[in-house]
Amino acid sequence: MASPLPPDDDVFDRLKSAINPAVISEREKAVQERVRAQYEKAQKRLEELIHENSTLPVTISDIRIHGIKNTREGFLKSVFADALSAEKQQGYTLKTAMEDLQRTTDKLHRFGIFHPTINMYLDQGSKPSNDRTVISADLSVSERGRLLLKTGTELGNAEGGGYLNATIRNVFGGAESLYASASTATSTADIGHCARYSYEVTFATPVAANPDTVADIGAFRSSRSNHHFASHEEVMNGVRAGLKFLGKYGEHELGYTGVWRQITNLSTNASTSIRADAGDSVKSSITHTITQDSRDNKLLPTTGYLLKNSTEIAGFGELGGDVAFIKNEAEVQRAGSFKHGISFSTGLRAGIMCPLPLGLGDNSHVKPSRINDRFFLGGATDIRGFRESGLGPRDGNDAVGGDVYVAGGASLFLPLPRLGAENPFRFQAFVNGGRLVGIQGIGNGEDVKQGLVKAMREIGIGYPSIAAGVGLVYAHPVARFELNFALPVVKRAEEKGRKGLQFGVGISFL
Amino acid sequence: MADRESFFPIPPLIRQIFDSFPLLTYPATPLPSGCPQPSQLPTLYIFSTPEDASTGKPSFNPSCLKWQAYLKFCGVSYRTGVSNNHASPSGALPFLVPAGDAKQAVQASRLPQWASENARSPRECNLESPEVKAFLALVDTRVRDAWLYALYLEPHNCHTLAQKLYRSTSVPAVNLLLSSELQKSAAAELRKCRPGGVVNRDDIYADADAAFSALSMVLGDNGWFFGAEEPGLFDATVFGYTHLILTLGWHEKEAVVARGVRRHENLVAHERRVREFCGW
């Protein structure tokens, strides 16, 4: 028998009266707890289910992709071909099938034509199978806009300017892209005088539906004013084609460049060395670069190393052109950190350029290098404590460049006392130096090999040109800003050191 | 360091420290082999081929040839080098780099002054007299126009002569681009002084013929123009054109200007005399 209600309590009265707010919040909390407990239980159940069934043999019947407008079906088929291949289907378990699908979804993401969120659902498959469970995957993607226009301003070494980029994504439905860019810069030392302009058009496409293998072809036109260190302006018009791919030892980049260079617009007091190289020359060359980069941050690394080697062969055999040489540059960088946010970074770079016989057979003869192709060393982003292109041989006021060089530097980064290690500011103490020499005697009957060996030996004679100093570093996500106080310690008579304050902006430092 | 003084004065101690750096200075690094070594003789940079330049042969460009001959008249011993318009301080060849460790290149218009300072001036006619000036203008307009037309605007000559001589690179595509630019600028030059911008082949050659007749008359039986004792700038200017007009391998249908010169025996003799004087 139900107990009778207390005589003076009416159910309706109790319902009508306002409820205590504390009671409400307690009730809400209880409800939320229950919902969360249910959700957690469902997740756990799903995990257990998957875990228990992870070795369940499955086969993927089909993959459906929703949200495709412009991408080609054939392209998508080749992206997923690997995951759906016959031999993989035989060996799939639920776990490996999900891993493979996840990997393929990552690949889709790396093409850069879809928005980052790609959702994947597994469902029961439609195809009947005898001994394996059939699943099907549903992917829902959303394509990014086709046209991307970017304009902005940029800062470089002693110059500032603006750029306009346009990118058309997914041109033919296979994640190809067409990129066009126009940029111009004016020298901050001489406002109004155009220091540089460049136009570029490039078409890039992934090869065999692999986002890590990209082939590209393009044309460019640029003009750069080198008046402040070599009294001339260099205009370049050219075409290039390249292939990027991942190999066992790192990222490879193979390319062909054909460029017509013109050294023109000489200053009135240009030296005879610059006058000798003025005019037109065509370079036709093949380049190969291999990079292995494990640094955590390219601008201010605290761990990891960088290994990079780049080789260029110009004018050899069928390549043609007006210059023939083989050039090799290697770079090694190592970064590490100590306690309390202190880190260090050291780097070493070396380059060598050896002229080759130009022409074929009996007509071949070796011509010495031109200033367009030689190496330059020195500057705020290079060897601090020296002016831009301040190291190496000079003719009067003009830096003429060199054929062989070695450069190295070491920096110690300390976090600022009140700001701590999380802040992008650092106090740095550095020492850096280098040596740049030219090969002598070519064209005078001396053997090229002998000249090269002599130049390499010359590098070892005496100390390299060295500068040391301290400064402040700001690692902005886009570029690294440095304000240093440096003094050249060792230098050659004609080299241009920079005593005192030096400001630098760049994306790659020694 | 002077500009830093204007911002804040550097205390003498700091300045002393600054001045003691760099601690070690080595002698200068020698230049790479692509850079020209300072030479004992002045070097005249002209349009030529490397083989011809090394033996001092005449250039195939009238302006360069004129100064080559003039320097010989002044008794300057020099060597020749190959270059192009981009290298010149004035934007056009020739230019001279004096001997030794010279930093300043001398452009063509300053060569007479340079020659008079470093060698001697030839005993030539008075270049300031109105008659001489008028005839110089005649050569620099009518004869030059006929030369430009014959070399650049006659189709066969342009293909066999201009494109082969003024070749900047070894890549045909780029050379084609550059020689078509040369052609366009030659045509623009011709259009400049003509009314209405109309360039008429027969008029140009007729004007040049008249100029040759006038020159022949003024030369008469003299050895050098205007009865001068030694050849001078005027002789060099005329020689610059007549030598090339007579010796270049023109296409037979387009050699009108060569026939125009050959009609005047004393001009041909003058050209031979200058050539022998210069040892070519």
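Below, chains carry the letters A, B, ... as their sequence lines are ordered, and counting in each starts from 1.
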If we define contacts as heavy-atom pairs under 4.5 Å, which of [options] has the most with chain A?
options	result
B:Val82, B:Leu23, B:Thr43	B:Leu23
B:Pro30, B:Ser20, B:Ser90, B:Ser168	B:Pro30
B:Leu178, B:Thr169, B:Val171, B:Asn85	B:Thr169

Between [X] and chain B, which part of the residue has a heavy atom less than 4.5 Å away: side chain, backbone, both or neither?
X	answer
A:Ile263	backbone
A:Thr268	backbone
A:Leu436	backbone
A:Ala467	neither
A:Arg394	backbone
A:Asp403	side chain

_Crowding at OH, B:Tyr26 (>12 non-hydrogen neighbours, <6.0 Å)_ = yes
*Using a cut-off of 6.0 Å, state whether more than 12 heavy atoms not belonging to B:Gln40 lie near its atom CD.*
no
Option in [options] with maximal non-hydrogen atom pairs under 4.5 Å from chain B:
options	value
A:Gly321, A:Gly392, A:Ser284	A:Gly321
A:Lys367, A:Gln262, A:Arg435, A:Glu458	A:Gln262
A:Gly438, A:Ala278, A:Ser267, A:Pro355	A:Ala278
A:Lys491, A:Glu495, A:Arg370	A:Lys491

_In terms of relative ring orientation, are B:Phe95 and B:Tyr45 parallel, tilted or perpendicular, with 30° and 60° separating the classes?_
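B:Phe95 and B:Tyr45: parallel rings.
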*Using 30° and 60° as the class limits, which term best fits the ring planes of B:Tyr241 and B:Trp147: parallel, tilted or perpendicular?*
perpendicular
Interchain contact, [X] with chain A, by part (heavy-atom threshold 4.5 Å):
X	result
B:Ile14	neither
B:Pro27	backbone
B:Ser88	backbone

*Working for side chain to side chain donor-acceptor pair (under 3.5 Å), residues B:Lys66 and B:Asn61*: CA-CA 9 Å; B:Lys66 157 176 154 187; B:Asn61 176 277; over 6 Å; no
_Does A:Lys499 qualify as a cation-pi partner of A:Phe485, given the criterion of NZ or CZ under 6.0 Å from the six-membered ring centre and within 45 degrees of its axis?_
no
*Is the A:Phe229 to A:Phe376 ring centre distance short of 6.0 Å?*
yes
*What about the rings of B:Tyr166 and B:Phe60, do their centers lie closer together than 6.0 Å?*
yes
*Strictly by modelled atom types, are A:Arg221 and A:Asn237 linked by a side-chain donor-acceptor pair under 3.5 Å?*
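Checked: A:Arg221/A:Asn237 side chains pair up, N/O donor to acceptor below 3.5 Å.
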*List the steps, then state whether salt bridge (Lys or Arg N to Asp or Glu O under 4.0 Å) holds for B:Lys192 with B:Asp145.*
CA-CA 11 Å; B:Lys192 252 200 271 187; B:Asp145 285 356; over 6 Å; no
